[in-house]
Protein chains: 2
Amino acid sequence: MSSSHESATPDTPAVRTRRNSGRAVLGDVARLAGVSTATVSRVYNEPDRVSPGVRERVLQAATTLNWIPNAAGRALASTRTHIAGAIIPTLDDQVFASQVAGMQAVFASRGITLFLGCSNYDPAQALTQVQAMLARGVEVIAIVGEAHPPELFDALRQTRVPYVITYAYREGSPHHCIGFDNRAAYVEIAEHLIELGHRSFAAVIQPARDNDRVQARVTGIREALARHGIAVRPSHMHEGPATIAFGRESLRAIWQGSDKRPTAIICGNDQLAIGVLLEAAELGIKVPQQLSVTGFDDVAIAQQIHPSLTTVRVDTAEIGRRAAQYLLDVLDGKNNTESGVVQPVLMARESTASVPLSG
Amino acid sequence: MSSSHESATPDTPAVRTRRNSGRAVLGDVARLAGVSTATVSRVYNEPDRVSPGVRERVLQAATTLNWIPNAAGRALASTRTHIAGAIIPTLDDQVFASQVAGMQAVFASRGITLFLGCSNYDPAQALTQVQAMLARGVEVIAIVGEAHPPELFDALRQTRVPYVITYAYREGSPHHCIGFDNRAAYVEIAEHLIELGHRSFAAVIQPARDNDRVQARVTGIREALARHGIAVRPSHMHEGPATIAFGRESLRAIWQGSDKRPTAIICGNDQLAIGVLLEAAELGIKVPQQLSVTGFDDVAIAQQIHPSLTTVRVDTAEIGRRAAQYLLDVLDGKNNTESGVVQPVLMARESTASVPLSG
DNA sequence: TTGTAAGCGTTATCAC
DNA sequence: GTGATAACGCTTACAA
């Protein structure tokens, strides 16, 4: 039936097979409202440029038909997708989850939806995710950390999609960053302990491979200690999964090892530190009298546990909000000159104290 | 040169202004490979139906031009977006974060990307998110819980977008659910305590408003206790934010109140229970000798804290995976008859024990 | 203020 | 196995 365009026989458009299973389209709304498709479009995109009466009629028709504008059609015609992308290592870490929540809130207020991708700390997956997002037409993209394959940044450059590095901030980075200086944060932790008189340290950290933030933290520890002629013994350097369990086993190994026991343990995050704290209780090690312990993140339990944990608070939701705002500004052609630094705050609590007199 | 069809003056297609800022399109690839656009399309969608030589040539051209297929164009032409939507209350809760991670993994393996929306436990926001997702053309959608505005389900029905309710499972629900029976889970907790001889209970739970899961939990507690002629005193029923701090203050209030002290406290989740545990330590209340405590979720610290926490483990990542699989099956027209139940497991640990002899 | 009509980048339907 | 070409649903000059 329905011959394509010049059929003499009147075709029946209302009954014509719809690929989209009967969903109303803009044209249907236009017909019902008795206006052109352009007018319907205007009602939604430049409502001021259409007279109130017509506007009302169109809105009415749209409601009647339950019309929902099709984003793909919109994107194609306007070359704007109103989609942003965010790539994080994992959702299983509170710091990234809340960063995403912060971004989402800001983007949502501007009608932009967020595509989320997890790299699982794997550079190859990060690259894949970025490519998928570019194919999806994300207008901007936020990526945690800057340790990524060059192809990833090549792709971003070629497509000219504005991006921002989150969570990490490094002077001299070629990228726009929003976050904090992980190295400096750990320098501060180490110095806090040195000021308390500590001279013998252990470190329990999460896997550093492919993770610029963790590498920076370790560097911070080493640098701060080196200034005082101190180094962490290899047997006192434990790298493993960022879990309570690994924190526990690390302390046990450190305490029962043959080397001189440290008076302070710097942990890569609060999970590890809490593990150390719990194991210390079990081994009868008094914190902070015999041993000082520090964490990072300031998770909820850090200030509730006994002894409360000295740690560093970072407002990761704020990182997310700022990152989103920066990207929105780029889209708007505004020149966002705001610094990308979200300052971490050392929360000195009960788990750190002056070094015990008897080394 | 190739005048399109009737233009006398030769146009210069290579230089024509591109709205998309110089990104290569399928047509460019076709031209460079010396084939038609249809063939390029086939290379990516039905590679078997194109000869190896041509295929190679097209792939080569695409690489040269750094061509990335445009998802909007694809969606428009194929009426498939390869996008799924997920709506969760918040990312700030591990159980939902890992559910999303599980879904994402399954969807990604099928080339489907996930749009994520957070309702912040607000029905109105949930509705907005659903509408936004439908506009984005999600092919399927997963929503936590079934306590949502009717308009939400109306929209789903009208657009015929397959959906699934996650985290909650209820016999007789009009929706397909993947999760567990929150009521039954709390009946089990209560019965565990009753078997241990407890007859005097307190409950510390998160806000129940607009939250069918929490309401079901409370119902479970009440039903199980009622079977034994027991009810929770109003002064022993504390509802508030799901935080360690609220857990602490609840125990303090319960313990210092004028009513007879309970021998067991059932908490709405592990955060609250850990708060109770920590406050008990501070108040010198012996757990479980004087007081039994239960949580829910089995967060990492639950089995590490002392005394270790009796709680319920739910594999939320599995809920996410199963939900995604179900939705994929619907898309494939398969009849997924798998039960939607992901069985919770009671983890009886040190924080619960027989009721103290002296009531 | 409103309408006409030409795209936007892809896929699908036919012919060949 | 390939190639024309008409959709897909919307926006946007340009015209009226």
Side-chain angles (χ1 to χ4, degrees), chain A residues 2-7 11 13 16-31 33-58 62 65 67-82 134-137, chain B residues 2 4-5 13 16-31 33-58 62 65 67-82 134-137:
Chain A
S2 78
S3 54
S4 54
H5 47 139
E6 23 218 350
S7 68
D11 52 357
R16 88 173 198 278
T17 306
R18 273 251 177 63
R19 298 209 330 226
N20 70 2
S21 70
R23 210 124 118 182
V25 298
L26 183 142
D28 298 333
V29 177
R31 204 175 314 133
V35 299
S36 71
T37 58
T39 299
V40 175
S41 179
R42 283 190 205 102
V43 168
Y44 286 85
N45 298 310
E46 310 162 289
D48 302 331
R49 304 186 49 163
V50 50
S51 67
V54 174
R55 197 190 309 155
E56 198 45 53
R57 207 143 33 95
V58 169
L65 296 174
W67 176 63
I68 300 179
N70 176 311
R74 241 154 113 74
L76 210 46
S78 66
T79 62
R80 295 238 6 197
T81 59
H82 303 277
L134 293 176
R136 294 284 180 198
Chain B
S2 73
S4 54
H5 43 142
R16 87 174 197 279
T17 305
R18 272 253 178 61
R19 300 214 322 233
N20 70 2
S21 71
R23 208 122 117 184
V25 299
L26 182 143
D28 300 332
V29 176
R31 204 175 313 132
V35 298
S36 72
T37 58
T39 297
V40 175
S41 180
R42 280 189 208 104
V43 168
Y44 287 83
N45 298 311
E46 308 163 291
D48 302 330
R49 304 186 48 161
V50 49
S51 65
V54 173
R55 197 190 311 155
E56 197 45 53
R57 206 143 35 95
V58 168
L65 296 173
W67 175 64
I68 300 179
N70 177 311
R74 242 155 111 74
L76 210 46
S78 66
T79 62
R80 293 258 297 152
T81 59
H82 303 276
L134 293 176
R136 294 285 181 198

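In what follows, every chain begins at residue 1, and chains take the letters A, B, ... in the order their sequences are listed.
The closest side-chain heavy-atom distance from A/R80 to A/H82 is below 4.5 Å. With a 4.5 Å cut-off on side-chain heavy atoms, B/D28 and B/W67 do not count as touching. B/V35 is listed as a side-chain neighbour of B/V58, based on a closest heavy-atom distance under 4.5 Å.
Distance NE2 (B/H82) to C1' (C/dT11): 11 Å, rounded to an integer number of Å. Nucleotide D/dC8 holds its P atom 14 Å from the CG atom of A/L26, rounded to whole Å. One can place CZ of B/R74 at 20 Å from P of D/dC10, the figure rounded to the nearest angstrom. The distance from atom CG of A/L76 to atom P of C/dA6 is 17 Å, rounded to the nearest whole Å. Computed from coordinates, the B/N70 CG to C/dG7 C1' distance equals 14 Å when rounded to whole Å.
The minimum heavy-atom distance between B/T81 and B/G137, with the atom names listed, is OG1-O, 2.6 Å. Nearest approach of B/T37 to B/G27, heavy atoms of both residues: CG2-CA, 4.1 Å.
Distances shown here put a side-chain N or O of B/S36 below 4.0 Å from the OP1 or OP2 atom of D/dG3.
Looking at which nucleotide of DNA chain D each of B/T37 and A/A71 is closest to, the 5′-most match is held by B/T37.
In the region residues 38-57 of chain A, proximity to DNA chain D at under 4.0 angstrom, judged on heavy atoms, holds for A/A38, A/S41, A/R42, A/N45.
The closest side-chain donor-acceptor pair between A/R74 and A/N45 falls under 3.5 angstrom.
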